Amino acid sequence: MDDKSNKLLLAFVMVFLFAVIVLQYVCPGTECQLLRLQAFSTSVALDPYRAEDETPAKFIPKFNFTPADLLRKVDFNIKGDDLIVFLHIQKTGGTTFGRHLVRNIQLEQPCECKVGQKKCTCHRPGKKETWLFSRFSTGWSCGLHADWTELTNCVPALVDNKKEIRQRPRRNFYYITILRDPVSRYLSEWRHVQRGATWKASLHVCDGRSPTSEELPSCYTGDDWSGCYLQEFMDCPYNLANNRQVRMLSDLILVGCYNLSVMPEDQRNQVLLDSAKENLKRMAFFGLTEFQRKTQYLFEKTFNMNFISAFTQFNSTRASSVEIDEETQKRIEALNFLDMELYEYAKDLFLQRYQFMRQKEHQEARRKRQEQRKILRAKHLIHKEETDNSTNDYIGNVEKWR
């Protein structure tokens with residue numbers, strides 16, 4: 001039994017030595033070994049973006065998107081006139097993401113953030129004008145939590161006067177936003193309002209004017225709605241928390257703004273949903289609160305801008321601490337049925353974009369390895385030819401000496 005084991009061990013050692021000799025002959029030196037080691041380590045490395053969330057190992061898409069829909073890579077010229085515009089929807093984690101934009105990006109000229117001040121100065125290199133339009137850089141210049149309808153009409157007019165428009169007609173506006181699971185977002189907004197928060201300063205400007213009190217009634221009397229129960233919050237038919245994400249991402253002019261008499265409710269809902277989906281798809285970038293690391297990855301790939309520190313996934317929030325029964329869960333989903341459909345669409349598009357970009361990244365890495373192998377093979381052939389020539393010259397000289 002010992003003899004058999006020794007023979008097997010000896011055979012294994014001989015095979016291993018033979019493989020090493022062949023490898024050294026095919027690719028001498030350490031370059032090929034390092035290349036193979038790099039390829040091996042890349043293939044076995046765990047996906048650093050998967051551990052943060054509950055993404056299935058094999059993602060199955062539900063919607064059909066074109067490669068143009070999935071590839072997001074903009075030529076953002078921070079030294080020129082391009083502008084990133086952050087559409088900040090309430091209780092989606094936008095405050096955290098907004099702080100990342102002004103405090104956590106590697107820039108030639110970082111944003112200047114002073115202690116005790118909410119706004120930071122984010123100037124372009126060598127210029128005294130901003131590259132970022134957001135709460136923490138320009139403030140609420142178009143109104144508190146301005147929506148898509150407000151921003152797309154306000155921002156271009158605000159940053160450029162008529163003279164500047166003639167001088168630089170090719171300024172690019174890159175709109176970005178963050179979305180969140182509708183139920184969690186709704187509960188978070190209720191808790192925020194319950195603590196006394198209001199958005200009374202929001203303008204809701206649409207088609208050149210703010211809505212009348214008849215078009216947009218208030219859910220409460222007095223200064224705020226502090227102390228309201230969840231049931232009260234859900235019962236108000238004018239509550240803008242309902243389907244907030246769809247409303248803030250759609251073109252409200254298409255449905256007559258806040259005038260509900262322009263078209264039937266079913267038609268209005270469908271127009272709003274279709275508009276929100278289209279606007280979201282055409283945005284330069286959007287992220288999801290539930291996927292912090294993937295959000296970071298896609299932003300970096302889209303704008304070719306890297307963050308200093310990795311995003312952190314906070315699964316424990318005020319919304320997660322609220323315990324609701326199944327009936328309440330279904331009620332909130334029903335109140336936010338448009339947001340539920342939008343989020344399903346957004347999540348699918350988001351994960352498809354992530355998967356698409358990762359595949360492109362792997363393909364590029366594979367192409368570079370193949371190019372390196374070609375270079376190494378060419379070096380080996382040149383080395384072999386030089387060695388053969390030297391050998392032939394030596395043999396020829398020996399013959400002459402004879």
Side-chain angles (χ1 to χ4, degrees), residues 12-61 64-78 104-108 284-285 287-288 291-311 313 348-391:
F12 176 78
V13 171
M14 292 180 67
V15 169
F16 176 76
L17 291 173
F18 177 75
V20 171
I21 293 170
V22 170
L23 179 63
Q24 290 293 328
Y25 176 78
V26 173
C27 185
T30 59
E31 290 175 315
C32 272
Q33 296 174 30
L34 291 173
L35 192 62
R36 285 175 171 79
L37 183 61
Q38 180 185 15
F40 175 75
S41 62
T42 301
S43 63
V44 299
L46 294 174
D47 187 342
Y49 304 100
R50 184 177 294 166
E52 61 152 359
D53 49 57
E54 299 176 356
T55 309
K58 187 175 181 181
F59 167 64
I60 302 175
N64 293 322
F65 295 106
T66 66
D69 295 331
L70 300 179
L71 181 61
R72 275 294 176 272
K73 209 169 182 67
V74 302
D75 185 20
F76 178 64
N77 185 7
I78 194 171
N104 191 30
I105 293 186
Q106 296 177 8
L107 295 171
E108 179 182 336
F285 161 85
L288 299 181
F291 301 92
Q292 290 292 313
R293 291 295 303 280
K294 290 182 177 68
T295 293
Q296 175 182 354
Y297 173 83
L298 287 177
F299 182 91
E300 291 178 338
K301 293 300 177 183
T302 300
F303 288 99
N304 194 28
M305 300 169 75
N306 294 321
F307 290 97
I308 299 168
S309 303
F311 287 16
Q313 186 71 47
D348 192 84
L349 176 57
F350 177 86
L351 292 177
Q352 283 199 52
R353 281 181 176 171
Y354 168 77
Q355 189 178 64
F356 184 82
M357 294 300 288
R358 291 288 282 176
Q359 288 173 351
K360 296 281 285 185
E361 191 175 38
H362 291 155
Q363 289 169 1
E364 181 63 19
R366 192 182 304 116
R367 186 192 65 78
K368 287 182 178 179
R369 289 197 299 269
Q370 291 172 347
E371 289 294 325
Q372 288 176 324
R373 290 192 185 100
K374 287 180 182 178
I375 293 171
L376 291 171
R377 289 193 190 101
K379 286 182 179 180
H380 172 64
L381 288 174
I382 293 172
H383 176 74
K384 188 174 183 300
E385 288 176 2
E386 290 175 349
T387 303
D388 292 344
N389 291 336
S390 298
T391 303

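We count residues from 1, following the sequence as given. These figures come from a predicted structure and were not determined experimentally.
When all heavy atoms of Arg293 and Phe311 are compared, the pair lying nearest together is CD-O, 3.3 Å. In plain terms, the two heavy atoms of Asp348 and Ile60 that are nearest each other are OD1-O, 4.3 Å. Taking both residues in full, the closest heavy atoms of Glu300 and Phe307 are given as OE2-N, 2.9 Å, listed atom of the first, atom of the second, then distance. What you find for Ala284 and Thr302 is that their closest heavy atoms are O-CG2, 3.4 Å. Taking every heavy atom of both residues into account, Phe285 and Phe299 meet most closely at CE1-N, 3.5 Å. The shortest heavy-atom contact between Arg353 and Leu70 is CG-O, 3.4 Å.
By the 4.5 Å heavy-atom criterion applied to side chains, Ile78 and Leu107 are counted as neighbours. A 4.5 Å side-chain heavy-atom check between His362 and Arg358 finds at least one atom pair inside the cut-off.
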Query raised in the report: Could you go step by step and tell me if Lys301 and Lys360 meet the side-chain contact (heavy atoms from CB on, under 4.5 Å) rule?
Result: CA-CA 11 Å; Lys301 293 300 177 183; Lys360 296 281 285 185; over 6 Å; no
Query raised in the report: Could you walk me through whether Leu349 and Phe65 pass the side-chain contact (heavy atoms from CB on, under 4.5 Å) check?
Result: CA-CA 8 Å; Leu349 176 57; Phe65 295 106; 3.7 Å; yes
Query raised in the report: Would Tyr297 and Gln292 count as a side-chain hydrogen bond (donor to acceptor under 3.5 Å, both in side chains) if you check the C-alpha gap in whole Å, the side-chain angles of each, and the deciding distance to 0.1 Å?
Result: CA-CA 9 Å; Tyr297 173 83; Gln292 290 292 313; over 6 Å; no
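Atom CG of Asn306 is surrounded by more than 12 heavy atoms from other residues, nucleotides or ligands within 6.0 Å.
Ring to ring, Tyr354 and Phe350 are not that close: their centroids are 6.0 angstrom or more apart.
Partners of Phe356 by ring-ring contact (aromatic ring centres under 6.0 Å, His included), not counting sequence neighbours: none found. Applying the side chain to side chain contact (heavy atoms under 4.5 Å, CB included) rule to Gln355 yields the partners Phe59, Gln359; only residues at least two apart in sequence or on another chain are considered.
In this structure, CD1 in Ile105 is found 8.5 Å from CD1 in Ile308, a value given to the nearest 0.5 Å. Taking CZ of Arg366 as the start and CZ of Arg369 as the end, the distance is 6.5 Å to the nearest 0.5 Å. Atoms CD and CD1, on Gln372 and Ile375 in that order, are 7.0 Å from each other to the nearest 0.5 Å. To the nearest 0.5 Å, the span separating CE on Met357 from CD on Gln352 amounts to 14.0 Å.
Within the structure, every pair that satisfies the side chain to side chain donor-acceptor pair (under 3.5 Å) test and touches residues 65-75, not counting sequence neighbours, is listed here: Thr66-Asp69.
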